[in-house]
Amino acid sequence: MQRFARSRSIGPVAGERRRGFLLPDQLSVSGWNRRASTFLLEAFVCRRLAALSEKRRTSNRTKHLQIRMHESGGEDDDLFPANGFGAQAMATASHPVLPFTPHQNPATSHHHHHLHHQLTSATSLTHLKQLHAQILRSNLPLPSTSLLLHTLSLSSSPLSLSYSLSVFTHIPKPNPNLSNKLLREFSNSREPYNTLLAYSQLRGKGLGVDRFCFPTVLKVVSRVKAVIEGMEVHGLAVKLGFGDDPFVETGLVRMYEGCGRILDARRVFDKMSHRDVVTWSVMINGYSQVGLFDDVLALFEAMKSSNVEPDEVIFSSVISACGRARNLSYGKAIHESITQSGMLTDPYLQSALVSMYGSCGSMELAQNLYDQLSTKPIVVSTAMISGYSKNGQVEAARLIFDQMTGKDLVCWSAMMSCYVESEKPLEALELFNQMQVRRIKPDKVTMLIVISACAHLGALKHAKWIHEYVDRHGFGGDLRVNNALIDMYAKCGSLEGAIEVFDGMPRKNVVTWTGMVTALAIHGEAVNALKLFYQLENENIKPNEVTFVSVLYACSHSGLVDEGRKIFASMVEEYNITPKLVHYGCMVDLLGRANLLTEAFEIVEQMPLEPNVVIWGSLMAACRFHDEFELGEFAAKRLLELDPDHDGAHVFSSNISAKERRWEDAREARILMKQKGISKERGWSRIELNNEVHEFLMGARNHEQADEIYAKLNEVVGELKQVGYAPNTCNVLVDLDEDEKEKAVLWHSEKLALCYGLIREEEGSCIRIVKNLRICEDCHTFMKLVSKVHQKNIIVRDRTRFHHYKDGLCSCNDYW
DNA sequence: ATAGGGTTAG
């Protein structure tokens with residue numbers, strides 16, 4: 001074992017001599033009589049059995065005990081979960097209150113029976129602990145352990161498990177049969193780490209460890225990714241001669257996979273002499289999780305060649321790998337095999353197939369399969385919803401949703417997520433309201449979706465409401481929920497809100513910090529974003545790829561060119577992060593915006609990755625901004641090669657031709673666009689007033705107060721013209737006359753939203769607008785002037801960032 | 001006699 005650990009030479013334990021792991025102080029219970037411990041554990045178990053057999057009918061005795069328990073102040077009761085399970089149980093553990101008189105003659109069998117009866121009928125942890133104390137005081141003889149054998153398979157709450165662990169650790173010689181059951185009980189609980197503590201106890205005593213404990217222990221090691229401990233277990237298993245037990249070996253394969261060591265997993269796998277379908281399944285899943293799908297298929301074929309017949313489980317694993325690899329043809333072939341094998345009735349397989357088709361973009365095939373099912377399990381319907389969601393088919397998803405008879409939380413969440421993904425956050429929130437009406441309790445995942453819906457919507461009042469909801473319903477302590485709240489506040493234009501959540505978080509991870517850096521960056525506070533980033537080092541948090549995207553983004557949106565270059569270099573050299581396309585994109589953006597177009601183009605030419613639409617798009621945008629037509633047209637052409645329907649590139653090329661008076665080219669470009677049915681993505685804007693969200697499409701008149709709004713627009717334009725405003729039409733398609741061009745600009749949706757905000761003026765409040773596209777130069781000027789003339793703060797979120805207008809100036813310093 | 005593998009919302 002020593003040799004094994006040292007040969008890998010990792011971590012602090014190499015060379016250190018120890019058996020098992022350390023047991024935290026809080027779990028050692030001093031002064032416990034060993035016989036009493038065994039007795040108590042047994043009683044604990046009896047109690048569970050009794051509870052199970054009496055599940056529904058509450059006897060008089062139980063009622064009596066409950067009443068007594070409440071009288072003595074205990075309110076914990078893990079047999080009746082409705083009563084909750086308080087921390088008080090632990091607090092009273094060391095000072096139990098005895099509810100009955102101690103017996104004078106403890107050693108009699110009468111007394112033993114009496115106590116045994118008390119124990120088996122005890123209904124709360126508190127009561128059990130009181131009895132425990134009673135045993136300790138009376139020094140009772142050890143009863144038989146037979147009852148233990150059938151028991152520990154009931155589900156348990158974490159607290160009672162840690163209690164039974166502390167009892168367990170004081171049994172000097174637990175038999176392996178019992179200890180394995182307990183280990184398994186721990187491993188399935190919410191705190192699987194207890195398994196390792198119990199295992200460590202057994203090891204410390206040098207006993208109780210047989211071959212059957214290893215699969216369980218390894219499973220836990222894999223779940224908690226404790227690679228050092230895993231290797232110790234590996235070493236011990238080999239030393240004890242279980243190294244060639246197929247169950248142990250399979251556990252080892254999975255353990256190494258769980259710890260991110262696929263090669264070590266494969267090494268164990270390769271030297272196995274007997275591999276059954278589970279072994280193959282574990283190995284295949286390992287490769288699937290790290291995205292090596294070719295290996296998945298190769299292994300699957302190898303498995304079939306070695307005459308192991310695939311079962312439902314392994315089929316579903318391979319199917320899901322096909323989905324993630326977008327390998328439709330292989331997926332279809334397996335579908336065929338499944339049909340022939342008659343396994344298609346398995347709901348796991350059905351949902352795996354549906355979601356595979358969804359990932360491969362073939363919802364027709366998914367629908368075909370779905371239509372054939374006589375009963376449609378919820379999971380399969382949910383897979384259909386998320387399949388349609390992935391493919392942008394909201395209506396089809398909704399149809400499935402509406403046809404479902406029994407809806408669970410997951411399918412509600414899936415439908416909400418679908419709306420968020422398709423940029424329909426209001427519909428998602430509407431569903432959330434319906435959930436409330438139906439009294440369906442959301443969970444953490446639901447909350448993450450709803451919070452994300454609010455972030456997409458960008459409406460601050462909705463955001464505040466959902467934040468209150470989060471706190472009221474006890475989600476406020478969750479790390480991921482808080483991370484989502486930071487993002488939400490940032491996207492709703494409230495940097496203060498984001499900071500407040502950030503500051504109030506007791507625990508932060510790299511996502512938290514990255515989220516806050518992004519929040520500062522999109523609000524134009526690049527210097528603070530960088531400060532926060534540099535603070536990461538003190539916090540012992542390692543920035544990841546995403547963190548660097550945020551920081552580089554901050555630099556590029558504030559023109560911090562040198563800083564950006566430096567950070568990009570440190571990402572590669574100090575943090576060993578290989579730049580991805582997004583990072584190069586940030587650099588192109590950074591340099592392009594700063595009018596260092598040659599350098600930006602050099603990045604595109606020299607980077608080791610093939611430039612994509614985003615890269616060329618960002619170069620093109622920079623060229624448009626700086627009137628660099630030649631390079632711009634080149635970028636536009638590359639862009640159109642990759643995406644022939646790219647609206648921006650078509651408009652830009654056409655406009656360049658016009659600017660250079662190549663009228664024929666310009667006309668041709670426009671005709672081409674018309675033929676292909678390409679038009680600029682229609683702009684829309686939203687404004688939240690009085691808890692209502694109003695949406696405006698460019699040039700549309702469907703708002704009930706449209707006349708008033710357009711009148712207001714004329715009035716405002718008149719005012720602004722007096723302070724020097726002239727509509728700027730240079731980015732409009734050229735085949736319009738000047739008057740039309742001016743209207744095309746004036747009717748931009750954000751101006752309509754702004755005017756509606758001015759009509760519905762709320763005292764002292766600022767106007768918050770959300771826009772789907774990047775704000776155009778004309779609107780930008782317009783907003784600045786209105787903020788001055790009307791003395792009104794305006795906050796506009798566009799596709800990439802926020803603009804805070806105040807007193808004629810914008811927070812972006814006209815650099816966006 | 002006891003143990004190891006999977007599906008739907010993020």
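Dashed line: the shortest gap from a side-chain N or O of A/Ser386 to OP1 or OP2 of B/dA9 is under 4.0 Å. Put simply, A/Arg184 has a side-chain N or O that comes within less than 4.0 Å of OP1 or OP2 on B/dA3. Residue A/Ser417 places at least one side-chain N or O closer than 4.0 Å to OP1 or OP2 of B/dG10. Look at A/Thr216 and you won't find any side-chain N or O under 4.0 angstrom from OP1 or OP2 of B/dA3. Considering only side-chain N and O atoms, A/Arg480 lies nowhere under 4.0 angstrom from the phosphate OP1 or OP2 of B/dG10.
Residues A/Tyr370 and A/Ser381 have side chains that bring a donor and an acceptor to within less than 3.5 angstrom of each other. Looking at A/Thr514 and A/Ser550, their side chains never bring a donor and an acceptor atom within 3.5 Å of each other. Judged purely by distance below 3.5 Å, without hydrogens or angles, the side chains of A/Thr279 and A/Asp276 pair a donor atom with an acceptor atom.
Counting to the nearest Å, the C1' atom of B/dG5 and the CE atom of A/Met255 are 16 Å from each other. Atom CZ of A/Arg275 is separated from atom P of B/dG5 by 19 Å (rounded to the nearest Å).
Identified under the salt bridge (charged side-chain N to carboxylate O under 4.0 Å, His left out) test for residues 401-419 of chain A, with sequence neighbours left out: A/Arg398-A/Asp402.
Counting any heavy atom pair closer than 4.0 Å across all strands shown, A/Leu353 reaches no nucleic acid atom. Within the nucleic acid shown, A/Gln350 has no heavy atom closer than 4.0 Å to any nucleic acid atom. Residue A/Ser389 is out of contact with every strand shown, counting any heavy-atom pair closer than 4.0 Å. Using a 4.0 Å heavy-atom criterion, one finds that A/Val277 contacts the bases of the nucleic acid, with or without backbone contacts as well.
Stacking between A/Phe212 and B/dA3 is absent: the aromatic ring centre is not both under 5.5 angstrom from the base six-membered ring centre and within 30 degrees in plane angle.
Comparing B/dG4, B/dG6, B/dA3 against the side chain of A/Lys219 picks out B/dG4 as the nearest. Comparing B/dG10, B/dA3, B/dG6 by their nearest atom to the side chain of A/Ser316 picks out B/dG6. Out of B/dA3, B/dA9, B/dG6, the shortest distance to the side chain of A/Phe247 is found at B/dA3. Checking B/dG10, B/dG4, B/dT8 against every side-chain atom of A/Ile449, the shortest atom distance belongs to B/dG10. Closest to the A/Ser351 side chain, of the nucleotides B/dT7, B/dG4, B/dG5, is B/dT7. With distances taken from any side-chain atom of A/Asn180 to the nucleotides B/dG4, B/dT2, B/dA9, the minimum falls on B/dT2. Minimum atom distance to the side chain of A/Val379 is reached by B/dT7, of the listed B/dA9, B/dA3, B/dT7. The side chain of A/Val282 has B/dG5 as its nearest neighbour among B/dA9, B/dT7, B/dG5.
Checked against the 6.0 Å centroid threshold, A/Phe293 and A/Tyr287 do not count as a close aromatic pair. Here A/Phe269 and A/Trp280 bring their ring centres to under 6.0 angstrom of each other.
With hydrogens and angles left out, the side chain of A/Thr279 and the base of B/dG4 share a donor-acceptor pair within 3.5 Å. In terms of polar N and O atoms assigned as donor or acceptor, the side chain of A/Asp311 comes within less than 3.5 Å of the base of B/dG5 in a complementary pairing.
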